S.K.: 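My questions will all concern the structure given below.
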2 protein chains.
Amino acid sequence: MIEERTGSGETGPDEGAAERAARVVMIVLRLFRALERVDTDLTPQQYRILKLAGAGGERSARLAERLAVAKPTLTATADALVAAGYARRETEPGDRRVVRLCLTDAGHSALARADAVYGQWLDELLAETSDPDQVLHALDVLNQAMDVRRARRSVAAAGPA
Amino acid sequence: MIEERTGSGETGPDEGAAERAARVVMIVLRLFRALERVDTDLTPQQYRILKLAGAGGERSARLAERLAVAKPTLTATADALVAAGYARRETEPGDRRVVRLCLTDAGHSALARADAVYGQWLDELLAETSDPDQVLHALDVLNQAMDVRRARRSVAAAGPA
DNA sequence: TATTGTTATACTCTATAACTATA
DNA sequence: TATAGTTATAGAGTATAACAATA
């Protein structure tokens, strides 16, 4: 699908795809940079970890998987969050190797504050668009597409055993 | 606009806005992380700088402004690109303080390769969506909204002189 | 042995403050 | 003096390899 061979003599797998992707990549990078500059007390990555951990004290391995980062990466950022008082580590009673990351009250407060600031940022950005709902819907669609790919990948990882 | 006071007794500036923003932020961070894991020879930031510099040897101050980073940040990443052979620095004849960052042939090749890989990544992602064109359009709309805000900001910075 | 998480180490991106060279 | 860019230094996020503790 999406063949679009325009006969321009190009060697790449699909010419239009590369240009379209370049545009999309630049936009995502720009959005990320904009988020980095929003003044919450949390870095985007700290926000992301707290948000995922907040949805129920997750064990470290599972968190790292959902964040798509290596285990030592999670350890490092969790260290910072624990030091800042936003999270604490709890040991699993049944299996003492397992560690769960849980939010403290301060962590919940920090998340709420960040959400409020992000909310204002997004409102101001969407105010410059003609159809905010369409934009939001498109992002949800992209998110679902990533869900599908993640699910497929974890099946592939578990299947060929 | 977007008042939506639901009378739930919340204290924040706008309750729905925070939840909606949280979703959007998580999606943008997830997209960025996915991009980081795409195997090009460039980091996303290196890609971004090369892409902007490639559109005509830009002077450093202007590049930093478009990237929304501090000047030393640009210097550091440019160092890495020059060391890798992807870019070179050229001095302005008229004003010897000014430095322009230009792509080498290797730099153009690296960009083309990255674009091809990103192209495949995006194609696979969009293949999981029902309406790819709508998604692409929404991203363009967001980009235009950021353009508007940037233009307004630079006017504000220059105006109150 | 296998698994969970951490330590050791290194590289990139980011920033602020101080500096050099040029205007 | 003012401006363009760099150097010095520091903090956060990322990774791989090696490790300790537990199963």
Side-chain angles (χ1 to χ4, degrees), chain A residues 29-30 32-50 52-53 57-65 67-84 86-102 157-158 161, chain B residues 29-30 32-50 52-53 57-65 67-84 86-102 157-158 161:
Chain A
L29 297 183
R30 190 178 180 187
F32 175 75
R33 181 62 186 141
L35 281 183
E36 277 192 319
R37 292 176 66 98
V38 174
D39 189 28
T40 69
D41 280 355
L42 300 166
T43 65
Q45 291 77 1
Q46 289 172 346
Y47 175 86
R48 193 164 173 233
I49 293 187
L50 286 182
L52 290 181
E58 287 266 37
R59 49 191 289 179
S60 297
R62 172 106 177 100
L63 259 185
E65 181 202 338
L67 293 162
V69 298
K71 286 188 298 178
T73 300
L74 180 65
T75 298
T77 309
D79 281 347
L81 289 172
V82 170
Y86 293 147
R88 59 183 145 62
R89 290 185 164 98
E90 295 194 350
T91 316
E92 182 89 348
D95 184 342
R96 278 159 51 196
R97 293 171 302 181
V98 170
V99 168
R100 288 182 187 278
L101 201 64
C102 303
Chain B
L29 298 183
R30 190 178 180 186
F32 175 76
R33 181 64 186 141
L35 281 184
E36 277 192 318
R37 292 177 67 99
V38 173
D39 189 27
T40 69
D41 280 356
L42 300 166
T43 65
Q45 291 78 0
Q46 288 172 347
Y47 175 87
R48 194 164 172 233
I49 292 187
L50 286 182
L52 290 182
E58 286 264 40
R59 49 190 291 178
S60 297
R62 172 106 177 99
L63 259 185
E65 182 201 336
L67 293 162
V69 298
K71 286 189 296 179
T73 300
L74 180 65
T75 298
T77 310
D79 282 347
L81 290 171
V82 169
Y86 292 148
R88 59 182 145 65
R89 290 185 164 99
E90 295 194 348
T91 317
E92 182 89 347
D95 185 340
R96 280 158 53 198
R97 291 170 304 182
V98 169
V99 169
R100 286 182 189 279
L101 201 63
C102 303

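Order of the sequence lines fixes the chain letters, A, B, ..., with proteins taken first and strands second; residue numbering starts at 1 for each chain. This structure is a prediction, so every number in the text was calculated from the model and none was measured.
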S.K.: Which one, D:dG5, C:dT6, C:dA2, comes nearest to the side chain of A:Pro72?
M.R.: C:dT6
S.K.: Just the rounded figure in Å: distance from C1' of D:dG5 to CD of B:Glu58.
M.R.: 16 Å
S.K.: Between A:Leu35 and B:Phe32, is a side-chain contact (heavy atoms from CB on, under 4.5 Å) present by the stated rule, with each step listed?
M.R.: CA-CA 11 Å; A:Leu35 281 183; B:Phe32 175 76; over 6 Å; no
S.K.: If each of A:Arg100 and A:Glu36 is mapped to the nucleotide of DNA chain C with the nearest heavy atom, which maps nearer the 5' terminus, i.e. the 5' end?
M.R.: A:Arg100
S.K.: With nearest nucleotides of DNA chain C determined for A:Arg37 and A:Val98 from heavy-atom distances, which residue corresponds to the more 5′ nucleotide?
M.R.: A:Val98
S.K.: Which residue, A:Arg48 or A:Arg96, contacts DNA chain D at a nucleotide closer to its 5' end, judged by nearest heavy atom?
M.R.: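 Looking at the nearest nucleotide for each, A:Arg48 comes out on the 5' side.
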S.K.: Does B:Arg33 reach a base, just sugar-phosphate, or nothing at all? Heavy atoms under 4.0 Å.
M.R.: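 Sugar-phosphate contact only - B:Arg33 comes under 4.0 Å of backbone atoms but never of a base.
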S.K.: Once rounded to the nearest 0.5 Å, what's the spacing between atom CZ of B:Arg97 and atom OG of B:Ser60?
M.R.: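 It comes to 13.0 Å.
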S.K.: Counting any heavy atom closer than 4.0 Å, what does A:Thr77 reach on the DNA or RNA strands: base, sugar-phosphate only, or nothing?
M.R.: sugar-phosphate
S.K.: For the atom pair CG (B:Asp95) and CZ (B:Arg59), what is the distance rounded to the nearest 0.5 Å?
M.R.: 7.0 Å
S.K.: If you check the A:Gln46 side chain, which of D:dG13, D:dT14, C:dT6 turns out closest?
M.R.: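 Given the options D:dG13, D:dT14, C:dT6, the side chain of A:Gln46 is closest to D:dG13.
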S.K.: Take atom CG of B:Leu101 and atom C1' of D:dG5, then tell me their distance rounded to the nearest Å.
M.R.: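 So the two atoms are 12 Å apart, to the nearest Å.
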S.K.: Quickly work out the B:Lys71 NZ to D:dT7 C1' distance and round it to whole Å.
M.R.: 13 Å
S.K.: Rounded off to whole Å, could you give me the CG-to-P distance for the B:Asp79 and D:dA8 pair?
M.R.: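 So the two atoms are 11 Å apart, to the nearest Å.
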S.K.: Any idea which of D:dA4, C:dG5, C:dC13 is nearest the A:Ala61 side chain?
M.R.: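 For the A:Ala61 side chain, the nearest candidate turns out to be C:dG5.
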S.K.: Relative to the 5' end of DNA chain D, which residue comes earlier, B:Arg89 or A:Arg97, by the nucleotide with the nearest heavy atom?
M.R.: B:Arg89
S.K.: So, is B:Thr75 close to the D:dT7 phosphate, meaning a side-chain N or O under 4.0 Å from OP1 or OP2?
M.R.: no
S.K.: What's the CD1-C1' distance between B:Ile49 and C:dT14, to the nearest Å?
M.R.: 11 Å
S.K.: Any idea which of C:dT14, D:dA4, C:dG5 is nearest the B:Val69 side chain?
M.R.: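 Side chain of B:Val69 sits closest to C:dT14.
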S.K.: Go through D:dG5, C:dC13, C:dT6 for me and flag the one nearest to the B:Gln45 side chain.
M.R.: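 Between D:dG5, C:dC13, C:dT6, the one nearest the side chain of B:Gln45 would be C:dC13.
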S.K.: Is there a side-chain contact between B:Thr73 and the phosphate of C:dA15, meaning an N or O under 4.0 Å from OP1 or OP2?
M.R.: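 The answer is yes; a side-chain N or O of B:Thr73 sits under 4.0 Å from OP1 or OP2.
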S.K.: Distance check needed: C:dT14 C1' versus A:Leu29 CG, whole Å only.
M.R.: 15 Å
S.K.: Using a 4.0 Å heavy-atom cut-off, does B:Ala76 contact any base of the nucleic acid, only the sugar-phosphate backbone, or nothing at all?
M.R.: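 Base, at least one base heavy atom under 4.0 Å.
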S.K.: When the distance from CG of A:Leu81 to P of D:dG11 is rounded to whole Å, what number comes out?
M.R.: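 A:Leu81 atom CG is separated from D:dG11 atom P by 17 Å.
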S.K.: Nearest-Å distance, CD (A:Glu65) to C1' (C:dT4)?
M.R.: 14 Å
S.K.: Between B:Val38 and B:Tyr47, is a side-chain contact (heavy atoms from CB on, under 4.5 Å) present by the stated rule, with each step listed?
M.R.: CA-CA 12 Å; B:Val38 173; B:Tyr47 175 87; over 6 Å; no
S.K.: Evaluate the side-chain contact (heavy atoms from CB on, under 4.5 Å) criterion for residues A:Leu67 and A:Arg48: first the C-alpha distance (whole Å), next the side-chain angles of each, then the deciding distance (0.1 Å), finally the verdict.
M.R.: CA-CA 8 Å; A:Leu67 293 162; A:Arg48 193 164 173 233; 3.8 Å; yes
S.K.: Under the 3.5 angstrom rule, does the side chain of A:Arg89 hit a backbone N or O of A:Val99 as a donor-acceptor pair?
M.R.: no
